[in-house]
*Asks:* 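Sharing a structure, written as structure tokens. Questions coming.
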2 protein chains.
Amino acid sequence: MKKTEQITIHDLARALEIDSSTVSRALNDSPRVSAKTKKRILDKANELGYQRNSLASNLRTNKTNTIGVIVPRISRNFFSNVISGIEETAYQAGYNVVICQSLESLDREKKIMNSLLSNRVDGILISTSMETENMDHLKPYLNNVGPIVFYDRPCDFENCSSISINDYKASFEATEHLIANGCKHIVYFSGPQTVSLYRNRKQGYIDALKKHDIEFNEAYCFESMLSEDNGIESAKKVLKLPVVDGVYSANDTAAIGAMQYFKSKGVKVPDDIAVVGFNNDPISGVIEPSLTTINQPDFEMGKIASSVLLQQIKNKDINRKKQSAVLDIELIKRNSSKKM
Amino acid sequence: MKKTEQITIHDLARALEIDSSTVSRALNDSPRVSAKTKKRILDKANELGYQRNSLASNLRTNKTNTIGVIVPRISRNFFSNVISGIEETAYQAGYNVVICQSLESLDREKKIMNSLLSNRVDGILISTSMETENMDHLKPYLNNVGPIVFYDRPCDFENCSSISINDYKASFEATEHLIANGCKHIVYFSGPQTVSLYRNRKQGYIDALKKHDIEFNEAYCFESMLSEDNGIESAKKVLKLPVVDGVYSANDTAAIGAMQYFKSKGVKVPDDIAVVGFNNDPISGVIEPSLTTINQPDFEMGKIASSVLLQQIKNKDINRKKQSAVLDIELIKRNSSKKM
DNA sequence: CTGTTAGCGCATTCAG
DNA sequence: CTGAATGCGCTAACAG
């Protein structure tokens, strides 16, 4: 199966004895070419198996019709749902989407930015990695190429929009839910405090305790990267604490790890320990139908982020003002605690 | 934040009073330019914030250093692990990866093929959608642009390699495992028989029954797209059957849906019903630590598929012979049945 | 080691 | 409505 020569608009032009510029116009459905010649050209294109070369077209127009999405991990249910939302909106608007995962590594994130930059994607949607503390590696793209919109993990750049959820409120309510069910000794699995989202969630937890006159205890707060393994380690520590009647995890991945460990040790969840976790995984209902989770508007977030970005791409440089959205969450109460 | 002009190699050349071809060579680290001028050029590039335009470069060289990956769903754990394997190998070799999900839709798959074709990616890795019955939409790419390698869902094209797992054997062993644990009435959740992988799995199930003198019963075999909802529907049917002591699902997604339904109806799994499912999700240990699953070599499959493709890209057209690999699986026995 | 020249495939002026 | 001419940014002969 040997590569045949690529057909170009010039080949079509020669075959029809017209000029390539006419072919180009026809292929782009320009109104400035007669229906008759248009049909001739399209037919010939089909006949010869013409395939447009986007590289050339993009180079010429300085536009790729593609947006880049940087995501920490596609395997996390929350993110794969966001991606589906992004794709839906983007495809509808005629844009392609390239998905890149940073795996929470700053180094990978930098390399990805470089690649998206040199490939001149029209805009970027990003949820920065947990290692990312400053945003310098985003500037070359932002200054020279196109807009960047942050989703889930916001950023306070001038001229950059962020779409996030109301983490503070969600966290506050989750904690209050445990308290309402009689929990007083609530362990909290926290994420890196470099990430604003995790700062907000921790604050929500602390403030909810305070409101109900429960003292915040540093020993009940474990900070980690919230991987599944981290969840398992944290669970071990939980079992060594004197009294624990509630666990609240700042994400689902760590919560799942912890559940796994609890089960392996015969700790009944949530009969012995009530658990709440940020969660978008339908699987949670399988793990423990009575587990209380926080339903994040993932798909919707993707759609909004995508449409904000596309808007900014359309508006070119004018009008690229910060227009951040904060989405509300929904606490799915599943009667998690034994005390209900 | 207004877009500044893009710096090109000509700008660098002018600033240094040399020719742009020398700049180009230096930027590509050609040995044919002195270390001194190389440094001058690199310094200037940094100073002016030069950013390579891959579009132009790719157009010129007729090479994109990018491979396309078409995947039915990134949210399925199996596939996201395959992708990680693909990325690891590809990045090491200096290739970029663009991930596209077909969502099991032939229509989307066609559109994706078109986009990858017009963007001239150097090669494609594909697991075709469940709706895909013939491969005509792959031919334009295959004939004119580059190699395609199939993973997980193989294809019998000439000149196309496939990387798959030994589905027949895995399925046979899974069924035997249930039988060994005393199950005689085993429901089977099957996938579309258009997909060879699902044909093989079904055959493994049937042959294992036969070997143990259990009659294959069409009423115990439900065919669906194996979505979570399909799993729930199938589970409903299971509960209406006279005797069932085992369920074997051809994938994990449907198994999870079924488990969910069983739990909601108070059916204890696997105390009442033993379940086996193809599964790569670490979460399975949480759902039901005693669930028996089939451990597919997902990450490894990605690495192999990727390296086979890169090999073919390097070899251009010569030597693109079929070189399919069949990976073996591992049955993770978790004492699933009550009868053990 | 560096410069000259040409062109990848396409889109867009400007003429007619 | 169509054609001629130009160049997007880069690389690759071919000279020197």
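Model, not experiment: these values are computed from the prediction.
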*Asks:* Between which nucleotides of DNA chain C, read 5' to 3', does contact with chain B run, using atoms under 4.0 Å from its heavy atoms?
*Replies:* C/dC1 to C/dG9
*Asks:* Could you give the CD1-to-P distance, from B/I7 to D/dC10, as a whole number of Å?
*Replies:* 10 Å
*Asks:* A/K139: what forms a side-chain contact (heavy atoms from CB on, under 4.5 Å) with it, not counting sequence neighbours?
*Replies:* A/D136, A/N143, A/F157
*Asks:* Rounding to a whole Å, what distance do you find between B/Q51:CD and D/dC8:C1'?
*Replies:* 18 Å
*Asks:* So for atom NZ, which belongs to A/K39, do other residues, nucleotides or ligands contribute more than 12 heavy atoms lying within a distance under 6.0 Å?
*Replies:* no
*Asks:* Hydrogens and angles aside, do A/S57 and A/R52 bring a side-chain donor and acceptor to less than 3.5 Å of each other?
*Replies:* yes
*Asks:* Base, sugar-phosphate alone, or nothing: which one does B/L55 contact when heavy atoms must sit under 4.0 Å apart?
*Replies:* nothing
*Asks:* Can you name the side-chain contact (heavy atoms from CB on, under 4.5 Å) partners of A/S196, sequence neighbours left out?
*Replies:* A/P154, A/R199
*Asks:* Who are the side chain to side chain donor-acceptor pair (under 3.5 Å) partners of A/K111, not counting sequence neighbours?
*Replies:* A/D107
*Asks:* Please assess A/N28 against A/S30 for the test side chain to side chain donor-acceptor pair (under 3.5 Å), listing each intermediate value before the final yes or no.
*Replies:* CA-CA 5 Å; A/N28 288 309; A/S30 157; over 6 Å; no
*Asks:* What string of B, S and - do you get for nucleotides 11-16 of chain D 5' to 3' if you count protein non-hydrogen atoms under 4.0 Å?
*Replies:* BBBB--
*Asks:* Between the axis at one end of the helix from C/dC1-D/dG16 to C/dG16-D/dC1 and the axis at the other (five pairs apiece), what's the angle to 10 degrees?
*Replies:* 30°
*Asks:* Should B/V145 and B/I124 be marked as a side chain to side chain contact (heavy atoms under 4.5 Å, CB included) after you check the CA-CA gap, both sets of side-chain angles, and the distance that decides it?
*Replies:* CA-CA 10 Å; B/V145 185; B/I124 292 180; over 6 Å; no
*Asks:* How long is the gap from OG on A/S80 to CZ on B/R76, to the nearest 0.5 Å?
*Replies:* 12.5 Å
*Asks:* If you apply the rule side chain to side chain contact (heavy atoms under 4.5 Å, CB included), what do you find for A/N58 with B/N119, and how did you get there?
*Replies:* CA-CA 10 Å; A/N58 294 341; B/N119 280 297; 4.1 Å; yes
*Asks:* The test is side chain to side chain contact (heavy atoms under 4.5 Å, CB included); show your working for A/Y91 and A/N96 and say whether it passes.
*Replies:* CA-CA 6 Å; A/Y91 283 143; A/N96 282 324; 4.2 Å; yes
